[in-house]
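Contents: one structure, followed by commentary.
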Amino acid sequence: MIILSIDTSCDETSVAVTKGRQVLSHVEYSQVATHAQWGGVVPSLAKRAHEERIDWVIEKTFQRIRTNTQISINNIEAVAVTTGPGLAIALEVGIRKAKEIASQQHIPVIPVNHMAGHIYSCFVQNKSENPMRPFSFPYLALLVSGGHTELVFMKDHHQFEVIGRTRDDAVGESLDKAARMLGFGYPGGPVIERMAEKCGNRDQYRFPRPMIGSDNLDFSYAGLKTSFLYFTKEMGEQERLQNIETLASSYQEAAFGVLVRKVEKAMKETQVSNILVGGGVAVNRRLRKLLRHTVKQQKGTVLFPPYRYLNFDNAAMISVAAVFQDSKSYVTDADMDNVDRQPRLTLG
Ligand code: KG4
Ligand code: ZN
């Protein structure tokens, strides 16, 4: 099936055209520059930027296909769109556009959960159908982004059970906040990663790892953030600047240490050995290395999104999640009014 997909859940206006798991074309228009000066995503600015850009992004996506195939909007068989979770007024822009196109073309809309998209991002293929990656259920999925930190048990296609989640901040958000305390802008994750690499990922300060030994699979990042705040304040500016790399690195080690330990615990408890990782933080090289090591020790396998853009918010993953969704979820013309934003949508 040839699908046009749209994701406007946060600060990327993203559109893709896919055939099965293959991405024929994808365009992401990032609003990072718009939000950077505010230290985070501002919903009203996000909405406006989506509205201003969405037609252009769709046009660009088709332009890119035209260079090697004859596919146009008339070949599209369904429009997949993220209905949640995300920023309500941002989601709305993509949903409205999806309905408009679907009505014009007399094709169904497929509503997709953004977090399911992050899980399926591990199975997205390029035009040459690489990587192959056959499905091998069950999976444990670790979702790590600016808004989510979740462990999900996935029995089969679209059968999700959230078995662990953060009780306060998400891990990406936590990295963003630590970066801000060190004087860096949004997003903080990439800066922390670079700083940490510069000092060989040293864990000099051994910051607390909240809930690492708890008897559940939940996470908590608020305590780590607070202890970092006091520690860096006490240091004073001069000393903080001198030790900025080891501070960033120690923070990252604490944040990731908990993720890795909980994955290990989940593997032991569920006896599931195939791990999927998705979300913006999954791009981090240190996290990938730590997870590969631990999963290997547990005799398991771990998959990350195969191409860089797939770690971040993108529409290609929304298409691929849609492909494996039951056709009962397709919404046709008569019921289009039922497709609505679900800002707090959860998995399972
Ligand atoms: O999935 P995503 O693009 O957006 C959502 O939150 O849905 O994730 C954004 C998060 C931000 O918190 C950002 O700091 C983090 O991903 N991030 C990283 C890296 N690049 C982005 N975290 C760690 N290392 C990175 N290289
Ligand atoms: Zn996301």
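Just so you know, ligand 1 is whichever comes first in the structure, and atom 1 is the first atom listed for that ligand.
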What count do you get for protein N/O/S atoms less than 2.8 Å from the Zn ion (ligand 2)?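 Protein heteroatoms (N, O, S) closer than 2.8 Å to the Zn ion (ligand 2) number 3.
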Look at Lys262 together with Asp218 and state whether they make a salt bridge at an N to O cut-off of under 4.0 Å.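 No, Lys262 and Asp218 are not salt-bridged.
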Between Glu253 and Arg286, does any side-chain N to carboxylate O distance fall below 4.0 Å?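 Arg286 and Glu253: salt-bridged.
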Where on [X] is there a heavy atom closer than 4.0 Å to ligand 1, on the side chain, on the backbone, on both, or on neither?
X      : answer
Leu175 : side chain
His148 : neither
Asp313 : both
Val281 : both

Atom CH2 of Trp38: over 12 foreign heavy atoms under 6.0 Å: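 Result for CH2/Trp38: open.
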Aromatic ring pairing Phe324/Tyr120, orientation class (parallel under 30°, perpendicular over 60°, tilted between):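 Phe324 and Tyr120: parallel rings.
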Contact check: [X] vs ligand 1, nitrogen or oxygen atoms, below 3.5 angstrom:
X      : value
Gly146 : yes
Tyr186 : no
Pro187 : no
Gly279 : no

Determine, for Phe123 and Arg21, whether the Lys NZ or Arg CZ falls below 6.0 Å from the six-membered ring centre while staying within 45 degrees of the axis.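 No, Arg21 does not lie over the aromatic ring of Phe123.
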Which pair of non-hydrogen atoms, one from Cys10 and one from Ala90, has the smallest distance, and what is that distance?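 Here Cys10 and Ala90 meet closest at O-CB, 4.2 Å.
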So, using side-chain hydrogen bond (donor to acceptor under 3.5 Å, both in side chains) as the criterion, who are the partners of Arg285 when residues are at least two apart?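 Here the qualifying residues are Glu197.
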Do Thr301 and Asn274 have a side chain donor and acceptor closer than 3.5 Å?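 Present: a donor and an acceptor within the cut-off.
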Centroid separation under 6.0 Å, is that true for the rings of Tyr186 and His35?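 Ring centroids of His35 and Tyr186 are no less than 6.0 Å from each other.
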is_close_aromatic(Phe137, His157), centroid dist under 6.0 Å: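 Yes, they do, as the ring centres are separated by less than 6.0 Å.
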Verdict with supporting geometry, Asp7 and Ser9, side-chain hydrogen bond (donor to acceptor under 3.5 Å, both in side chains): CA-CA 6 Å; Asp7 183 292; Ser9 58; 2.9 Å; yes
Measure the distances from the heavy atoms of Cys10 to every atom of ligand 1 and state whether one is below 4.0 angstrom.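 Cys10 does not count as a contact of ligand 1 under the 4.0 Å cut-off.
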Out of all atoms in ligand 1, which are within 4.0 Å of some heavy atom of His118? Include the element for each.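 What qualifies from ligand 1 is 1 (O).
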